[in-house]
Amino acid sequence: MSEEIQQLVLWLIPVAPLASAVITALLGPKLLRYKSHLPCWSALAVSFVCSLILLLKILPSMGSAAVDPSEVGTFAGPQVLVSGYEWLNVGDLHANIELRADSITAIMLTMVTGVSLLVSIFGSGYMSHDPGYPRFFAAVSMFVFSMCMLVLSGSFALLFVFWEAVGLCSYLLIGFWYQKPAAAAAAKKAFVVNRIGDFGLIMGIFLIWTNFGSLDFVTVLSDSARIAAVEVKNPGVIQLICFCLFLGAMGKSAQFPLQVWLPDAMEGPTPVSALIHAATMVTAGVYLVARCTPLFVMAPNAQLAVSAIGAATAAIAALTALTQMDLKRVLAYSTVSQLGFMFMALGCGAASAELVTPAVTAGMFHLFTHAFFKALLFLAAGSVMHAMGDVIDMRRFSGLKHALPITHWTFLVGAAALAGVPLLAGFWSKDDILAVLSEASHSKEHGLFFGVIWAVATGTAFLTAFYTFRAYFMTFCGPEKFPAEAGHHPHEATPIMAWPLRILAVCAALIGLAVGPTHLFANYLQKTMGLTPVPPDSQHLHWDVMALSSVVAIAGIGLAWMFYVASPKIPGAIASAMKPLYLISQGKFFLDEILKALVVLPLVGIAKLATVFDRGVIDCIVDSIGAIPKALSSIPRQFHTGVVSSYAGFMWAGVVAAVVLVLTMF
């Protein structure tokens with residue numbers, strides 16, 4: 001394949017959804033209207049096909065000779081580079097619009113564009129009667145464009161631009177139904193909370209530029225000797241950079257304590273929830289930490305923090321999901337928890353250098369499989385909501401498996417994959433995380449630390465199976481019950497909504513088996529910059545971990561069946577007996593209230609004090625200074641009386657004064 005075609009393929013991946021966004025925004029309201037999905041579908045299909053070509057054809061054909069080793073130090077993996085133009089040139093800071101694709105990029109792009117295409121197809125049915133139909137697909141196209149550019153960025157500067165663009169698009173989509181106060185508030189909350197993380201990211205980027213003299217990924221990340229030299233010159237600076245970058249990842253990927261925005265994002269349309277939770281925004285933080293592995297390898301304390309925060313997030317979110325009655329919120333807390341699993345894995349490189357590549361592989365593999373079964377679960381929940389007249393409270397419906405057969409079996413596949421049922425997608429990727437945590441727990445220096453993390457991960461895996469099938473049993477099993485809003489005969493998903501569910505269900509069932517135990521995913525990802533390929537003879541299945549995780553998953557499902565099918569009175573009795581703990585879980589650990597008390601109210605108080613100071617002090621000073629010219633101008637005004645004799649007297653007095661002045665000078 002010629003270089004020109006390679007560059008065309010790379011440019012088409014982001015440019016196609018950008019063109020769709022522009023066309024839909026300009027022509028949608030007046031011309032396309034309820035056909036506004038067509039540009040979006042076409043663009044995402046083009047992006048997906050180009051991503052597959054990049055994944056399967058371009059990068060594998062390049063080998064390690066794609067990059068001149070003399071230019072990029074130790075980096076030897078295949079990559080494609082397309083230069084655009086220089087958009088920033090300030091002093092020694094140069095930033096170009098350029099696209100750079102390697103193994104991790106190709107995997108991310110295929111997942112993002114493939115899942116987004118299925119979600120957009122589902123969305124055309126879900127939003128079919130919404131008056132904002134063109135606006136929805138314009139925003140979705142812009143969202144996918146921003147995420148593709150974030151992944152394709154070849155420098156930290158360009159990454160930050162599209163990091164913010166993804167945040168802006170999420171604000172527009174979460175608040176899509178801006179007439180609803182709850183939706184508007186959720187959009188603002190997501191936007192503001194993410195600014196906290198973005199502050200950390202921009203500070204990390206400033207530190208990178210200051211210490212490396214460049215923001216280019218290859219220049220900064222490819223040479224471990226250069227990173228070590230920077231650390232020797234400024235001890236602790238790599239740790240600080242990594243902590244700042246991780247703060248940015250905590251915001252985007254909703255890690256404790258910045259996870260409070262993600263459950264509220266459910267106020268947006270369900271296809272938006274599927275996009276955010278599965279393929280776009282929340283995966284950006286995991287991608288950032290994985291991309292910056294060469295830096296984190298030199299910052300073991302930062303890696304420990306990554307695992308610790310991931311474990312805390314996973315456990316808190318799982319405990320919160322146990323008592324939620326909103327089906328979409330259960331899935332939202334599940335996303336937060338699974339993101340915690342990914343970060344637990346990414347921090348395992350602190351245990352030993354040999355675990356760096358397996359740790360990144362495990363975290364990214366779970367991100368990859370999670371995208372399919374989480375998109376499936378959210379879309380299936382959207383199908384339930386659509387059939388139930390927009391009711392999503394699980395206490396108001398039950399026994400839907402006969403009324404919604406397609407939604408039922410696809411949701412069941414997604415739930416089983418999330419719970420880690422053997423041979424499904426989540427089983428393989430979650431096992432990789434548990435395996436790498438188990439190996440890290442045997443390290444000499446941090447064995448106890450990672451032993452605790454492994455225990456938290458195992459317990460959280462049990463909780464995941466329990467709360468996932470709690471939602472399944474409450475929704476699809478038991479006596480058939482429909483809310484009044486659903487009418488007498490709830491309708492199954494239309495074909496345009498059902499086919500994405502079927503395709504995602506097949507992916508959730510088989511994709512982990514196809515690329516996990518075969519090591520296809522690991523062998524491909526290990527060609528990424530900063531990762532050391534693992535010898536084939538060291539790759540093996542962890543049968544002990546697989547057996548334990550299978551038991552944990554089956555036990556969680558069995559307990560959920562006992563509580564919500566066999567003996568439905570048990571949960572109420574436990575809630576009464578453990579009411580304080582139940583209220584803590586149901587109240588989401590009161591994190592919103594705590595953050596409001598510790599962060600929001602003090603800032604509001606400072607803002608009010610600033611307002612008082614501005615109006616009472618600053619305004620008075622400015623007004624007083626402005627009054628001085630006014631006062632001085634009033635003095636000459638006294639001489640302008642309009643009487644001619646007065647003017648003559650003043651003139652005579654002036655002449656006399658001038659004469660006297662001249663005489664005194666001589």
Side-chain angles (χ1 to χ4, degrees), residues 314-334 337-338 373 377 380-381 384-385 387-388 391-405 407-422 424 426-427 430 455-456 458-484 486 490 547-589:
I316 291 172
L319 290 170
T320 304
L322 294 176
T323 58
Q324 301 305 305
M325 295 300 175
D326 184 309
L327 178 58
K328 288 175 63 178
R329 283 187 181 270
V330 173
L331 299 178
Y333 280 107
S334 167
S337 185
Q338 298 308 302
F373 58 73
L377 287 170
V384 171
M385 189 174 180
M388 295 296 106
V391 174
I392 201 64
D393 188 334
M394 293 185 291
R395 291 169 294 190
R396 298 189 58 194
F397 50 74
S398 63
L400 304 185
K401 61 183 178 181
H402 298 299
L404 308 176
T407 303
H408 166 243
W409 77 260
T410 54
F411 188 98
L412 178 59
V413 171
L418 173 58
V421 170
L424 299 185
F427 169 77
K430 196 174 295 184
V456 171
T458 304
T460 305
F462 171 79
L463 294 177
T464 301
F466 177 81
Y467 69 67
T468 302
F469 273 84
R470 167 184 176 266
Y472 166 75
F473 290 134
M474 290 183 68
T475 302
F476 294 101
C477 296
E480 197 171 73
K481 181 175 68 174
F482 308 133
L548 176 61
S549 65
S550 299
V551 171
V552 166
I554 293 171
I557 295 171
L559 188 64
W561 177 84
M562 181 184 297
F563 279 21
Y564 295 97
V565 179
S567 303
K569 294 183 179 179
I570 293 179
I574 293 177
S576 299
M578 306 175 67
K579 193 169 184 178
L581 296 178
Y582 177 83
L583 292 177
I584 290 173
S585 172
Q586 192 179 49
K588 298 168 284 189
F589 282 75

Partner set under side-chain hydrogen bond (donor to acceptor under 3.5 Å, both in side chains) for Ser585, not counting sequence neighbours: Thr323
Set of side-chain hydrogen bond (donor to acceptor under 3.5 Å, both in side chains) partners for Thr407, sequence neighbours left out: Ser383, Glu492
What closest approach, in Å, do [X] and [Y] show between heavy atoms, and which atom pair accounts for it?
{"X": "Phe373", "Y": "Gly414", "result": "CB-O, 4.1 Å"}
{"X": "Ala553", "Y": "Gly420", "result": "CB-O, 3.7 Å"}
{"X": "Ser398", "Y": "Cys477", "result": "CB-O, 3.7 Å"}
{"X": "Ala318", "Y": "Ser337", "result": "CB-OG, 4.0 Å"}

Just list the side-chain donor-acceptor pairs under 3.5 Å for residues 458-468, sequence neighbours left out, or say none.
unit_1	atom_1	unit_2	atom_2	d
Thr458	OG1	Trp454	O	2.9
Thr460	OG1	Val456	O	2.7
Thr464	OG1	Thr460	O	2.7
Thr468	OG1	Thr464	O	2.6

Heavy-atom side-chain proximity of Phe411 to Leu400 below 4.5 angstrom: no
Beyond-backbone contact of Thr475 with Phe397, side-chain heavy atoms, under 4.5 angstrom: yes
Report the residues that fulfil side-chain contact (heavy atoms from CB on, under 4.5 Å) with [X], sequence neighbours left out, ordered by chain and then residue number.
{"X": "Met325", "result": "Asp393, Arg395, Arg470, Met474, Tyr582"}
{"X": "Leu331", "result": "Leu377, Phe378, Ala381"}
{"X": "Ile316", "result": "Phe256, Gln259, Thr320, Phe589, Leu591"}

Residue list, ring pair (Phe, Tyr, Trp, His ring centres under 6.0 Å) with Tyr472, at least two apart or on another chain: His408, Phe469, Phe476
Pairs meeting criterion salt bridge (Lys or Arg N to Asp or Glu O under 4.0 Å) with involvement of residues 317-329, two or more places apart: Asp264-Arg329
Acceptor/donor pairs from residues 565-576 side chains to any protein atom, 3.5 angstrom cut, sequence neighbours excluded:
unit_1	atom_1	unit_2	atom_2	d
Ser576	OG	Gly572	O	3.1

Donor-acceptor contact present, side-chain Lys430 to main-chain Leu418, <3.5 Å: yes
